[in-house]
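Structure, as structure tokens:
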Amino acid sequence: MTKRALRREPSGTILEVIADDPLAYIDIPHMCRREGFEVIETQRNGDGVRLLVRRN
């Protein structure tokens with residue numbers, strides 16, 4: 001879902017991603033490296049995670 005959302009946005013867009021999947025902390029940054037997106041910030045909140053991701 002994160003990849004689809006970022007691809008619809010113009011370059012420079014920052015997307016806040018909030019997920020309750022504990023593996024999102026690993027999976028989303030991995031996808032970003034593959035797709036050329038930039039992870040600006042990550043925060044773990046209990047079982048969830050909050051990420052700020054920029055489309056380059």
Side-chain angles (χ1 to χ4, degrees):
M1 293 173 78
T2 300
K3 181 168 55 172
R4 272 185 283 166
L6 283 167
R7 285 194 172 173
R8 288 189 299 241
E9 299 298 326
S11 182
T13 298
I14 296 174
L15 181 71
E16 178 182 38
V17 179
I18 299 173
D20 61 0
D21 178 357
L23 291 178
Y25 187 78
I26 296 167
D27 291 342
I28 292 175
H30 179 73
M31 178 275 301
C32 288
R33 281 190 297 277
R34 242 185 14 245
E35 298 294 325
F37 304 136
E38 177 186 2
V39 177
I40 299 170
E41 182 180 322
T42 59
Q43 294 177 343
R44 281 187 161 172
N45 302 320
D47 290 336
V49 64
R50 176 184 172 269
L51 300 102
L52 293 179
V53 181
R54 179 181 307 152
R55 178 173 184 189
N56 295 330

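Proximity of Glu9 to Leu15: side-chain heavy atoms (C-beta onward) are nowhere separated by under 4.5 Å.
A salt bridge does not link Arg55 with Glu35: every distance from a Lys NZ or Arg NE/NH1/NH2 to an Asp or Glu carboxylate oxygen is 4.0 Å or more.
Contact between Thr2 and Ile28 at its shortest, heavy atoms only, is OG1-CD1, 4.0 Å. Across all non-hydrogen atoms, the minimal contact from Pro29 to Ala24 is CD-O, 3.5 Å. Residues Thr13 and Pro10 come closest through the heavy atom pair OG1-O, 2.7 Å.
Annotation: Arg34, atom CZ; neighbour count of heavy atoms from other residues, nucleotides and ligands within 6.0 Å is above 12. Taking a 6.0 Å sphere around CG of Asn45, one finds it holds more than 12 heavy atoms contributed by other residues, nucleotides or ligands.
The CD atom of Glu38 sits 11.5 Å away from atom CG of Leu6, with the distance rounded to the nearest 0.5 Å. Within the model, atoms CG of Leu51 and CZ of Arg44 stand 10.5 Å from one another, a figure rounded to the nearest 0.5 Å. Between the CD1 atom of Ile26 and the OG1 atom of Thr42 there is a distance of 11.5 Å, given to the nearest 0.5 Å. The distance from atom CG of Leu23 to atom NE2 of His30, rounded to the nearest 0.5 Å, is 12.5 Å. We find the CD-CD1 distance between Glu16 and Ile40 to be 11.0 Å, quoted to the nearest 0.5 Å. In this structure, CZ in Arg50 is found 6.5 Å from CD1 in Ile18, a value given to the nearest 0.5 Å.
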